[in-house]
Amino acid sequence: MYSVILTELGISVFNDGQVDKSFPFSNPVKEYLAIKNKEAKLNELINYLAKIQRGVSVSDESLLAILKKFSIDCHIMDLEELEKVQSTKPQIIVDSGFASNLQDTLGKLREFALGFSSSKVTEVSQSPDLHIIQAINSLDEIDKIANGLSSRLREWYGLHFPELDNMIDSINGYAQIVMAGKRESLSKQVFEEAGFPESKVEMLSLILSKSRGGDISDINLSIVQSIAKQILDFYELRKKLEEHVESEMQEIAPNLSAILGTAVGARILGRAGSLKRMASLPASTIQVLGAEKALFRSLKTGSQPPKHGLLFQHAMVHAAPRWQRGKIARAVAAKAVIAARVDVYGEGLNQTLLEKLNIRVDEIGKKYENPTEKDIRKPQQFSRGDGNFGGRREGGRREGGRREGGRREGGRREGGRFDERRREGGRREGGRFDERRREGGRREGGRFDERRREGGDRNERSSYGNRREGGDRNERSSYGERRREGSDSNRKRKKFGRR
Amino acid sequence: MEEDNQSYFWIKSEGEQKISTENLVPGNQVYKEKLIIKKGIEYRLWDPFRSKLAASIMNGLENFPFKNNTKVLYLGASTGTTVSHISDIVGPSGLVFAVEHASRVARDFLDRVATHRSNIMPILQDARKPKEYFSVFGKVDVVYVDIAQPDQTKIAVDNCDMFLKKDGLFFLVIKTRSIDVTKAPKRIVEEEIEKLRERFEILESIDLHPYDKDHAMVIAKYKN
């Protein structure tokens with residue numbers, strides 16, 4: 001009775017419990033992996049087995065598959081035999097001459113385990129999707145840092161030239177002016193080089209002479225300028241990262257990019273962990289990635305589940321009327337997961353996915369054109385007396401949002417326009433949607449932050465580039481959710497209170 | 001200093017009795033824990049906030065099967081905090097098969113723990129597929145499971161069936177929040193224990209509060 005046993009250090013052929021012939025590996029990790037991947041050649045072993053001309057039992061499925069390819073009469077061992085192999089493995093290794101004694105076996109096995117594990121770590125670390133995730137995360141982090149820094153810059157340089165703050169929206173332009181130095185050294189040329197239109201240059205020059213700002217010492221100025229320099233550098237880096245993510249995503253996950261866009265796609269990828277993992281997730285999970293807090297709250301308290309997490313940044317979801325968003329988010333998530341699966345297991349760009357999604361989104365747009373009664377949010381009334389802390393806070397937040405919306409009118413224009421464009425692209429002109437969006441996306445990214453800045457205390461509200469669309473809006477959306485759920489739980493809390 | 005079970009030691013540090021193990025690789029720190037030399041022997045303090053096994057000892061664990069020579073199958077090695085202490089205890093003639101699936105933490109585990117300790121056999125594979133482990137041989141004395149999966153108990157039992165010897169001990173960290181966030185932690189622990197009863201004799205169940213929230217350690221004996 002011949003049996004072929006695969007160990008980590010080599011392959012042995014046994015005949016009635018005695019070693020007949022052994023084939024040690026010269027590079028165990030590599031050769032063992034090759035067998036597991038069914039890529040190994042194993043010429044010597046096959047020749048030997050062919051000569052025996054008898055049925056052999058094999059200890060490993062992959063090995064079995066390889067041998068079968070060379071039409072060797074073989075079958076897998078039964079459970080009892082397998083268990084015996086498993087429990088006597090060190091002895092088998094010694095008997096086969098792969099190691100000199102039990103102690104040596106252990107050492108060699110451990111060496112193998114270390115090598116094998118290391119090669120796995122190396123393999124995973126090389127996968128490009130992990131690098132995309134790092135890139136998109138750096139991008140988001142840079143946004144955060146640059147935002148804080150730029151508001152600090154405005155505050156500090158504002159002591160010297162306060163009027164500038166209200167005149168210039170873009171962080172990039174502001175920083176370029178700061179780089180030029182004190183008020184006295186600013187000239188039309190500086191403004192022109194910073195890329196402002198004629199009319200603005202005129203106004204700036206006018207204001208320059210009548211500024212209310214105080215003097216700034218050279219030491220202070222040089223520090224302020226270093227900050228400005230940092231911001232400009234961040235701006236460059238951000239641009240690079242954005243392009244990098246864009247091109248990498250197109251390469252690694254073309255379908256996912258087609259459905260979600262590169263930036264949103266990369267963020268969702270980051271949440272999922274890896275492309276492969278994302279491909280194995282259910283669409284419903286993708287739909288709420290990024291809204292974990294709301295999701296778990298909903299599971300715990302039975303409140304409304306979130307309609308969308310990171311997907312809110314997606315143009316289609318974002319631009320849709322509130323009552324359609326959940327439906328659209330669900331459709332997008334479903335197609336996004338299919339896209340991820342095609343990217344992992346299929347090949348090439350599958351255009352029909354996007355087409356189908358566009359059709360479905362159009363359908364939703366038509367079918368649910370008007371909100372039903374349920375969808376119309378009743379205005380909530382908050383009075384000092386009846387709210388507990390949570391209630392008041394919600395109320396405050398809501399009012400705050402409203403107020404801000406009004407105040408921000410000027411700044412929102414750009415954002416607003418961009419939104420409209422997105423909506424057009426997304427909803428009405430299905431086919432052209434992605435082009436538009438990409439164009440829009442780049443524009444948006446290209447500008448640091450064109451939203452009007454209104455002073456230090458609202459710093460966190462503004463941010464630049466995609467992040468603004470994303471983080472900010474997203475948060476606002478979850479306010480919506482939170483508000484509703486908040487009031488829900490308020491109600492509950494009150495109930496408890498009464499008891 | 002007070003000896004206990006010859007496996008772990010109580011050492012006075014910063015005015016408190018703290019738990020520690022004798023360092024297998026003197027001078028080597030795994031997670032920036034304190035090293036204390038007493039009578040020429042180096043001890044590593046064992047942080048119950050980072051290691052659930054240490055937390056169970058603090059909360060009055062009675063069954064402690066880890067000692068010199070013990071063979072352990074450890075699922076969910078993570079970055080290797082607990083594994084390193086078990087490696088200290090089982091000594092050069094013991095063996096720890098440490099299974100971990102996530103490559104990010106496995107990287108740290110390999111760097112900080114596995115390469116320095118000759119009694120650890122790192123296995124970077126999915127605990128759901130015990131049949132595919134390479135390098136595990138024979139049966140082990142203890143199976144220790146600390147994995148965050150909703151079906152963690154089933155995975156653990158499958159591994160026991162493959163590798164735990166009769167009357168071997170089974171340590172299961174029940175992560176109630178990984179199993180189901182909506183249920184009450186206490187109920188989940190009861191349910192999971194119920195799943196074990198058929199083939200295990202439940203010896204202890206320890207709540208890991210205050211070291212870990214909503215975690216419990218269950219120690220059972222394999223009857224099969």
Side-chain angles (χ1 to χ4, degrees), chain A residues 6-9 28-29 32-33 35-36 59-62 76 79 82-93 102-103 105-127 130 133-134 273-274 276-277 292-293 295-302, chain B residues 71 73 77 79-80 87 92-126 129-140 150 161-165 176-185 214:
Chain A
L6 172 73
T7 72
E8 287 79 354
L9 306 174
V29 174
Y32 188 86
L33 261 179
I35 291 174
K36 282 287 170 191
S59 73
D60 184 83
E61 306 243 355
S62 312
I76 197 85
L79 275 177
L82 279 175
E83 197 150 291
K84 202 177 157 215
V85 168
Q86 201 262 328
S87 57
T88 57
K89 197 185 263 172
Q91 196 55 48
I92 291 172
I93 287 173
L102 286 183
Q103 199 54 41
T105 306
L106 274 185
K108 283 198 167 139
L109 276 179
R110 185 170 162 297
E111 216 170 275
F112 173 86
L114 277 175
F116 196 79
S117 305
S118 305
S119 78
K120 267 201 168 167
V121 170
T122 314
E123 191 191 313
V124 173
S125 310
Q126 275 163 350
S127 62
L130 293 189
I133 291 167
Q134 293 299 332
S274 72
K276 225 171 185 168
R277 175 127 197 277
E292 283 82 0
K293 212 175 151 190
L295 176 69
F296 285 121
R297 181 182 49 232
S298 130
L299 286 174
K300 260 188 191 164
T301 65
Chain B
K71 266 169 105 185
L73 174 65
T79 52
S87 149
S93 50
L95 202 49
V96 185
F97 299 103
V99 180
E100 174 57 50
H101 188 42
S103 65
R104 179 63 190 84
V105 284
R107 203 166 89 194
D108 289 344
F109 172 61
L110 290 176
D111 283 351
R112 290 186 203 154
V113 184
T115 44
H116 304 287
R117 293 164 181 272
S118 58
N119 56 7
I120 292 178
M121 202 69 93
I123 300 173
L124 250 77
Q125 271 164 315
D126 193 340
K129 298 169 184 162
K131 277 192 184 151
E132 289 176 20
Y133 299 162
F134 54 90
S135 306
V136 180
F137 42 83
K139 298 264 176 179
V140 298
D161 287 341
M162 282 282 292
F163 299 113
L164 188 57
K165 69 176 189 194
T176 60
R177 290 302 178 210
S178 301
I179 292 171
D180 191 339
V181 279
T182 63
K183 282 189 199 154
D214 298 335

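When reading the values below, keep in mind they use all heavy atoms of this one structure, side chains included, and skip hydrogens, waters and symmetry mates. All values reported here derive from a predicted model rather than from experimental measurement. Here is how names work: the chains are called A, B, and so on, in the same order as the sequence lines, proteins then strands, and each is numbered from 1.
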* For chain A, find which of Asp111(B), Asp180(B), Leu110(B) contributes the most heavy-atom pairs closer than 4.5 angstrom. => Leu110(B)
* Residue pair Pro122(B) / Ser117(A): nearest heavy atoms and the distance that separates them ->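 Scanning both residues completely, I find the closest heavy atoms to be O-OG, 3.4 Å.
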* To do: Specify the closest pair of heavy atoms between Met121(B) and Ala113(A), including all atoms of both residues, with the distance to one decimal.
  =>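 Smallest interatomic distance, heavy atoms only, reads SD-CB, 3.9 Å.
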* Asked: With respect to chain B, which residue among Gln86(A), Glu61(A), Arg110(A), Lys36(A) yields the maximal number of heavy-atom pairs within a distance under 4.5 Å?
  -> Arg110(A)
* To do: Identify which of Leu114(A), Leu6(A), Leu299(A) forms the greatest number of heavy-atom pairs closer than 4.5 Å to chain B.
  =>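 Ranked by contacts with chain B, first place is Leu114(A).
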* Structure fact -> Those residues at least two apart in sequence (or on a different chain) that pass side chain to side chain donor-acceptor pair (under 3.5 Å) with Arg277(A) are none
Distance from [X] atom [atom1] to [Y] atom [atom2], nearest 0.5 Å?
X         : Y         : atom1 : atom2 : result
Phe296(A) : Arg177(B) : CZ    : CZ    : 10.5 Å
Ile92(A)  : Phe137(B) : CD1   : CZ    : 11.5 Å
Lys165(B) : Ser87(A)  : NZ    : OG    : 13.5 Å
Tyr32(A)  : Phe134(B) : OH    : CZ    : 7.0 Å

Does any backbone or side-chain atom of [X] lie under 4.5 Å from a heavy atom of chain A? Answer side chain, backbone, both or neither.
X         : result
Ser93(B)  : neither
Asn119(B) : backbone
Ile120(B) : backbone
Phe163(B) : side chain

* Asked: Contact part of Leu106(A) toward chain B, heavy-atom cut-off under 4.5 Å: side chain, backbone, both or neither?
  ->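 It is both, since atoms from each part get that close.
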* To do: Check whether Thr7(A) gets within reach of chain B through its side chain, its backbone, both or neither, counting any heavy atom under 4.5 Å.
  =>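 When you check distances to chain B, no heavy atom of Thr7(A) falls under 4.5 Å.
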* Asked: Residues of residues 119-126 of chain A under 4.5 Å from chain B (heavy atom pairs)?
  ->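 When heavy atoms of chain B are the reference, residues 119-126 of chain A contributes Lys120(A), Val121(A), Val124(A) within the under-4.5 Å range.
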* Has Lys276(A) got more than 12 heavy atoms of other residues, nucleotides or ligands less than 6.0 Å from its NZ? -> no
